[in-house]
Amino acid sequence: SLLQEMSESKEKVLLLKAPNEDKSVDPYQEVLEKVGFEVNLIPVIQFNFVRSVELGEKLKSPSEYAAMVLTSKRAVEAVKNACPDQTLLDNWKGKPVYVVGQATSRAVQVLKELTEKLTNVSEPVL
């Protein structure tokens, strides 16, 4: 495999990506180091939430929406940040909430206060 061919050279690898938020060892770095590479991880992405005020306003009007779709763990964080006292989410109780992907599903489950309010959280759809 390409990974085996690369590791036989015992060279350095430059890994460009966002750092893990939980400060744990990056899984790509771990795999590369296990096969013998010296890994230099450079965090090249920085994330900032935008439109939080607009999101908060939209969350105040659940009757205008049939459901909520969360496509990333960042989207879950954005909802949590837009609802600091969690009362906004009370109005979403009973509405379908769909998640896309396992990471998003895990993010919803980790935010216990969010899952208590959003009772109809789906299994990941993709």
Side-chain angles (χ1 to χ4, degrees):
S1 77
L2 179 59
L3 187 58
Q4 289 172 328
E5 289 176 28
M6 291 172 59
S7 68
E8 290 174 5
S9 65
K10 305 291 183 192
E11 296 180 0
K12 293 181 183 179
V13 173
L14 185 58
L15 180 58
L16 307 173
K17 64 181 295 292
N20 286 352
E21 294 172 15
D22 63 3
K23 308 295 185 216
S24 64
V25 175
D26 182 85
Y28 294 106
Q29 181 176 356
E30 188 173 32
V31 167
L32 290 166
E33 288 175 346
K34 279 184 181 177
V35 295
F37 286 108
E38 181 181 332
V39 178
N40 190 345
L41 188 146
I42 307 285
V44 294
I45 299 171
Q46 181 178 3
F47 184 83
N48 295 307
F49 289 104
V50 296
R51 302 175 76 168
S52 295
V53 172
E54 181 180 351
L55 173 59
E57 289 301 313
K58 299 292 184 187
L59 290 170
K60 290 178 184 176
S61 304
S63 63
E64 295 181 21
Y65 304 96
M68 184 186 303
V69 179
L70 299 166
T71 62
S72 69
K73 63 183 182 178
R74 298 280 193 189
V76 175
E77 291 174 39
V79 168
K80 182 178 188 275
N81 292 343
C83 304
D85 62 3
Q86 300 298 311
T87 57
L88 280 179
L89 293 177
D90 284 334
N91 296 329
W92 285 86
K93 199 170 190 174
K95 292 275 186 178
V97 178
Y98 300 100
V99 295
V100 178
Q102 293 296 325
T104 308
S105 180
R106 283 190 299 273
V108 170
Q109 299 306 319
V110 166
L111 298 174
K112 186 175 188 310
E113 67 274 15
L114 184 62
T115 57
E116 287 174 357
K117 302 291 184 190
L118 302 176
T119 57
N120 292 331
V121 177
S122 74
E123 289 298 315
V125 293
L126 293 176

Hits for side-chain contact (heavy atoms from CB on, under 4.5 Å) against Val69, two or more places apart or cross-chain, chain-then-number order -> Thr71, Tyr98, Val100
Could you tell me which non-hydrogen atom of Lys73 sits nearest to which non-hydrogen atom of Thr104, and how far apart they are?
N-OG1, 3.7 Å
All heavy atoms of Ser52 vs all of Ala82, minimum pair found to be O-CB, 4.2 Å
What's the spacing between Lys12 NZ and Leu32 CG if we round to 0.5 Å?
15.0 Å
Not counting sequence neighbours, which residues clear side-chain contact (heavy atoms from CB on, under 4.5 Å) with Asn81? List them please.
Phe49
With Lys58, which residues qualify under salt bridge (Lys or Arg N to Asp or Glu O under 4.0 Å), at least two apart?
none
Please, which pairs that meet side chain to side chain donor-acceptor pair (under 3.5 Å) have at least one residue in residues 59-68, sequence neighbours excluded?
Glu57-Lys60
Per side chain to side chain contact (heavy atoms under 4.5 Å, CB included), Leu15 is matched among Val44, Asp26, Ile42 by Asp26
Rounded to the nearest 0.5 Å, how far does CG of Leu59 lie from CD of Glu54?
10.5 Å
Contacts of Ala103 that satisfy side-chain contact (heavy atoms from CB on, under 4.5 Å) - sequence neighbours left out
Arg106
Sequence neighbours left out, what passes side-chain contact (heavy atoms from CB on, under 4.5 Å) with Ile45? Give chain and number order.
Ala18
To the nearest 0.5 Å, atom CG of Leu41 lies from atom CG of Leu16 at 8.0 Å
Got a sec, which pairs hit side chain to side chain donor-acceptor pair (under 3.5 Å) with one end in residues 32-50, sequence neighbours left out?
Gln29-Glu33
